[in-house]
Amino acid sequence: MDSIGFDDINPSEMTDVLEINITKTTDSKLPEVDMDNIAFGRAYSDHMFIADYEDGEWKNSRIIPYRNLSISPANAALHYAQSIFEGLKAYRTQDGDIATFRADENARRMRSSAIRMCMPAVPEELFLEAIYELVNLDRDWVPSTDGSSLYIRPFQFAMDPYIGIRPAQKYTFMVISGPVGQYYTEPVKVKIETEYARAMPGGVGAAKTAGNYAAALYPAKRAQDEGYHQLIWTDAHTHKYIEESGTMNIMFVIDGMLVTPQTSDTILAGITRASAIELAKDWGMIVEERRIKVTEIIEAMEQGRLQEAFGIGTAATVSQISVINHEGIDYELPSGESCEISNKLLKSLTDIRLGRVPDKFGWMHKI
Ligand SMILES: *Cc1c(COP(=O)(O)O)cnc(C)c1O
């Protein structure tokens with residue numbers, strides 16, 4: 001994809017923006033946090049990274065104490081949603097080091113989200129440097145309790161104080177972080193959505209852009225009111241093909257094979273998904289990335305051939321699915337210890353992230 005209206009920045013001209021000005025807090029909030037009881041997205045670390053895009057270049061890289069922003073009521077992102085984000089985690093390894101998981105892949109994906117939303121891409125070097133410096137400064141915020149980590153949220157939004165519709169000329173790139181525990185603490189119940197849609201061909205479903213999540217809230221709330229945690233989205237046109245699940249990609253084990261929808265412009269290409277596929281192939285498992293019909297899943301459930309279903313993503317890690325609802329019928333699935341593949345994937349990912357096994361894929365970056 002070509003970038004739209006913005007020239008790529010040559011890294012050799014970027015020495016300035018890669019030099020981060022650091023102002024440390026004198027009032028750490030860390031003592032107030034109960035690291036044994038951390039909920040998702042409630043506590044934020046002491047510092048945040050900010051860079052500005054103005055006059056065609058990224059500048060003013062800085063890390064400052066976490067605080068509120070001041071923006072114009074006419075801020076273009078508030079009105080027209082030129083706003084994108086990423087999500088990744090830093091882990092405390094068994095040797096006490098701190099390491100991030102595949103941050104370079106997040107850098108690349110944020111770049112493609114930026115292009116789709118007509119925003120100037122954050123250069124990969126800047127994206128990584130911002131994260132590594134911030135995590136280094138807030139390293140005491142990386143929890144060591146089981147299943148917990150430091151969630152890192154890079155995001156970029158329009159900064160023009162202008163309510164005419166056009167691509168903005170000023171942008172802000174920021175990174176905040178916060179300690180998180182497990183996202184789902186039990187197997188999830190999901191409902192196959194057959195009325196609403198998350199993404200359509202030619203749309204923005206493959207971009208991690210703010211509006212996608214706002215659009216999903218109402219259908220997801222309806223499912224929650226009926227007792228389900230999440231939806232499984234289907235294609236907007238026919239509702240006959242499985243796409244993904246809210247903030248997770250979805251995987252099935254059918255007849256011993258790992259089956260997952262192929263990525264397209266209506267599916268967010270998850271980094272956890274890609275990592276799971278690599279691991280499963282490495283074990284010699286057959287992996288099929290293809291279109292999956294809802295009826296195929298229903299039939300496999302009825303015939304007892306569907307051995308496992310699970311969601312997979314940074315926030316949720318590997319979340320087993322215990323119930324799939326389709327048009328009023330609840331299908332119960334195996335979950336827990338008996339699910340060999342989801343447990344093995346979770347263990348393999350955890351072992352790599354916590355430095356319990358050699359990082360043979362080169363996924364970790366020590367900070
Ligand atoms: C972020 C996200 C995922 C998971 O991607 P990861 O890179 O594995 O965290 C899946 N679906 C949607 C819609 C997402 O926003």
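We count ligands from 1, going down the list as the structure has it; atoms in each ligand are counted the same way.
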Residue, atom and distance of the protein heavy atom nearest atom 5 (O) of ligand 1 read G270 CA, 3.3 Å
R108 with E105: basic N within carboxylate O range, under 4.0 Å = yes
In this structure, atom 12 (C) of ligand 1 is nearest to the protein heavy atom E244 OE1, 3.3 Å
Contact check, E105 vs ligand 1, heavy-atom distance below 4.0 Å
no
among protein heavy atoms, the one nearest atom 9 (O) of ligand 1 is T314 OG1, 2.6 Å
Ranked by distance from atom 4 (C) of ligand 1, the top protein heavy atom is T247 O, 3.7 Å
query: Is the distance between the ring centroids of F173 and F49 under 6.0 Å?
result: yes
Do N249 and ligand 1 have an N or O pair less than 3.5 Å apart?
no
Logged contact type for T272 with ligand 1, heavy-atom cut-off 4.0 Å, is both
- How about K29: does its NZ atom have over 12 heavy atoms from other parts shown lying under 6.0 Å from it? yes
Within 4.0 Å of some non-hydrogen atom of R109, the atoms of ligand 1 are 5 (O), 6 (P), 7 (O)
Using only heavy-atom distances, determine whether the side chains of R102 and S275 contain a donor-acceptor pair under 3.5 Å. yes
Next item on the list: Determine whether any heavy atom of G246 lies closer than 4.0 Å to an atom of ligand 1.
Entry: yes
Under 3.5 Å between any N/O of K208 and any N/O of ligand 1: does that happen in this structure?
yes
_When you compare ligand 1 with I312, is there at least one nitrogen or oxygen pair between them that comes in under 3.5 angstrom?_
no
Query raised in the report: With the threshold set at 4.0 Å, does a side-chain nitrogen-carboxylate oxygen contact exist between D235 and R291?
Result: no
Item checked: hydrophobic_cluster_shared for V259 and V190, side chain cutoff 4.5 Å -> yes
Atom 15 (O) of ligand 1 sits nearest the protein heavy atom Y213 OH, 2.4 Å
Under 4.0 Å between heavy atoms, the region of M248 that gets near ligand 1 turns out to be backbone
Heavy atom of R198 under 4.0 Å from ligand 1? yes
Can L345 be reached from I250 by stepping across I, L, V, M, F, W or Y side chains whose heavy atoms are under 4.5 Å apart? no
- Query: Do D330 and Y228 meet the criterion of a side-chain donor-acceptor pair at a distance under 3.5 Å?
  - Reply: yes
The atoms of ligand 1 lying under 4.0 Å from a heavy atom of I271, numbered in the order shown, are 6 (P), 7 (O), 8 (O)
Separation between CZ (R153) and CE (M174), nearest 0.5 Å, reads 12.0 Å
Check step by step if side chain to side chain contact (heavy atoms under 4.5 Å, CB included) holds for N343 and Q320.
-> CA-CA 9 Å; N343 285 314; Q320 292 180 350; 3.5 Å; yes
